[in-house]
Amino acid sequence: MPKSVIITCATTGGVHTPTMSQYLPITPSQIAESSIEAAQAGASIIHLHARHPETGKPDPRPELFRESMQQIRQHSNAVLNVSTGGGLGMSREERLRAAIALSPEMASLNVGSMNFGIFPMKAKHTTWKHDWEPAFLESTRDFIFRNTFSDIEYIVKELGDGHGTRFEFECYDLGHLYNLAWVIDQGWIKPPFFVQMVFGVLGGVGADLDNLMHMHTVAQKLFGDSYEWSVLAAGKNQMHFATQAALLGGNLRVGLEDSLYIGPGQIAKSNAEQVQKIRSIVENLGLQVATPEEARARLGLKGSDKVTF
Ligand code: KMH
Ligand code: ZN
């Protein structure tokens, strides 16, 4: 029997801005509601960010995360995964505040520094809902998404050792797999490792299926049977990369953090719509979607009774 497919849904992120889609959830309640719907549609992991309730700007305040997460917990058993990538431009301390305060089962951990260019999206709009949006996008022309070895060690020790939180290791390029292999060699983390391969970010590896095949081959050599792998592709490549991951025996991530679309030129009306679409593709391939409990068991998570929200 092939393994079931773990669907992660990243419901808002810190990349898209409110002008880009009226359906991007912003307030803690909107994020909670959208996450609950995504979980009901079949996502077993919800990857979370927070935004300023009035302006929609990425916001590191733990109380915003807490509000969403408490609401989600009341209606869903999904694994809640707190981003430590934060919003582009936040300090390391800001990026970690929510995960440290909330001690979640999972947190993201970006395993390499890189350019992270979202400035091309600025050209698609001439008027903006909020003044901060064009400046935020433009700032990424001269921005390094910092995830040094020292940052990685700090996060692994602080959250992993300190809180029993396990990681979604975000790998945006081949070298990031080797960075993760180095961390494993230090003995700081224990399997199973959850590797999220990210395609199509300007600054990371391109969304070419040859790249997916090669990263999977290399990950297989580096991590053998001690890892679970998942794929996300930004923008228009989201669905076919997710489908390819399922076909190859991997897991996948969708959500409005990664793409605002449901089809070519068609804005998604919710996170759940994307989850439903990929779920039906997965099931039509004869595969099963993992429950949150299956995801917990396969990823070695500590359980939802050991969090602090
Ligand atoms: N925005 C995604 C491409 C994080 O939150 O740590 C990567 C991401 C980063 O999810
Ligand atoms: Zn994220």
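Under the 30°/60° scheme for interplanar angles, the aromatic rings of Tyr172 and His176 are found to stand perpendicular. His47 and His49 have tilted rings, their planes meeting at an angle from 30° to 60° on a 0 to 90° scale.
Arg66 and Thr308 form no side-chain donor-acceptor contact under 3.5 Å, judged by distance and modelled atom types alone. Under 3.5 Å, the side chains of Gln71 and Ser29 contain a donor-acceptor pair of N or O atoms. Glu168 and Asn81 form a side-chain donor-acceptor contact under 3.5 Å, judged by distance and modelled atom types alone. A side-chain donor-acceptor contact under 3.5 Å links Thr19 and Glu133. A donor-acceptor contact under 3.5 angstrom links the side chains of Ser34 and Asn271, judged on distance only. A donor-acceptor pair shorter than 3.5 Å can be found between the side chains of Asn77 and Glu293. A donor-acceptor pair shorter than 3.5 Å cannot be found between the side chains of Tyr261 and Gln274.
By the 6.0 Å and 45° rule, Arg166 does not stack over the aromatic ring of Phe194.
For the pairing with Ser230, the side chain to side chain donor-acceptor pair (under 3.5 Å) check across Glu170, Arg253, Gln196 returns one residue only, Gln196. Here the rule is side chain to side chain contact (heavy atoms under 4.5 Å, CB included) with Phe116, and of Leu202, Leu88, Asn110, Thr140 only Leu88 fits it. Partner Ile278 forms a side chain to side chain contact (heavy atoms under 4.5 Å, CB included) with one of Val5, Val289, Thr243 and no other, that one being Thr243.
The local environment of CG in Asp142 is sparse, with at most 12 non-hydrogen atoms from other residues, nucleotides or ligands closer than 6.0 Å. Counting heavy-atom neighbours within 6.0 Å of Lys302 NZ, excluding the residue itself, gives a total above 12. By the 6.0 Å contact criterion, NZ on Lys269 is open, its count of non-hydrogen atoms from other residues, nucleotides or ligands being 12 or less. For Gln288, the CD atom sits in a loose shell: 12 or fewer heavy atoms of surrounding residues, nucleotides or ligands are nearer than 6.0 Å. Residue Lys129 places its NZ atom among more than 12 non-hydrogen atoms of other residues, nucleotides or ligands, all under 6.0 Å distant. No more than 12 heavy-atom neighbours from other residues, nucleotides or ligands sit within 6.0 angstrom of CD1 on Ile144. Within a 6.0 Å radius of CD in Glu228, more than 12 heavy atoms belonging to other residues, nucleotides or ligands are found.
What you find for Ser68 and Ala32 is that their closest heavy atoms are O-CB, 3.6 Å. When all heavy atoms of Gly112 and Ile152 are compared, the closest pair comes out as N-CD1, 4.3 Å. The two residues Thr11 and Leu256 come nearest to each other via the heavy atoms O-CB, 3.7 Å. Among all heavy-atom pairs drawn from Gly42 and Ile7, the shortest one is O-CB, 3.8 Å. The minimum heavy-atom distance between Ser108 and Gly85, with the atom names listed, is OG-N, 3.6 Å.
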Would you sort out whether Glu257 and His16 count as a side-chain contact (heavy atoms from CB on, under 4.5 Å), showing the intermediate values?
-> CA-CA 7 Å; Glu257 170 165 351; His16 293 126; 5.7 Å; no
Working for side-chain contact (heavy atoms from CB on, under 4.5 Å), residues Ile189 and Val183 | CA-CA 7 Å; Ile189 49 174; Val183 174; 3.8 Å; yes
When you look at Arg92 and Thr84, which way does the side-chain hydrogen bond (donor to acceptor under 3.5 Å, both in side chains) test go after all the steps?
-> CA-CA 8 Å; Arg92 179 169 84 176; Thr84 67; over 6 Å; no
Residues Arg97, Glu93; criterion salt bridge (Lys or Arg N to Asp or Glu O under 4.0 Å); working and verdict | CA-CA 6 Å; Arg97 270 176 68 194; Glu93 281 61 40; over 6 Å; no
For Phe169 and Phe223, run side-chain contact (heavy atoms from CB on, under 4.5 Å): C-alpha distance rounded to whole Å, both residues' side-chain angles, the deciding distance at 0.1 Å, then the answer.
-> CA-CA 13 Å; Phe169 291 104; Phe223 312 125; over 6 Å; no
Intermediate values then yes/no, side-chain contact (heavy atoms from CB on, under 4.5 Å), Met106 and Ile45 | CA-CA 9 Å; Met106 285 196 95; Ile45 302 178; 3.9 Å; yes
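Contact check on Glu273 versus Lys277 returns no salt bridge, with no Lys/Arg side-chain nitrogen under 4.0 Å from an Asp/Glu carboxylate oxygen. Contact check on Asp59 versus Arg51 returns no salt bridge, with no Lys/Arg side-chain nitrogen under 4.0 Å from an Asp/Glu carboxylate oxygen.
Atom CD in Gln244 sits 15.0 Å away from atom CE in Met239 (nearest 0.5 Å).
Residue Tyr23 is not grouped with residue Ile46 when hydrophobic side chains (ILVMFWY) are merged at heavy-atom distances under 4.5 angstrom, including chains of intermediate members. Criterion: ILVMFWY side-chain heavy atoms under 4.5 Å apart, direct or through other members. Under it, Phe309 and Leu64 are not part of a common hydrophobic cluster. Put simply, Met90 and Leu137 are part of two different groups of oily side chains (I, L, V, M, F, W, Y) that touch within less than 4.5 Å, one to the next. By the criterion of side-chain heavy atoms lying less than 4.5 angstrom apart, applied directly or through intervening Ile, Leu, Val, Met, Phe, Trp or Tyr residues, Ile6 is not grouped with Leu287; the two fall into different hydrophobic clusters. Both Leu159 and Leu109 belong to a common hydrophobic cluster when Ile, Leu, Val, Met, Phe, Trp and Tyr are linked at side-chain heavy-atom distances under 4.5 angstrom.
Taking 4.5 Å as the limit, every side-chain heavy atom of Leu180 sits out of range of all side-chain heavy atoms of Phe167.
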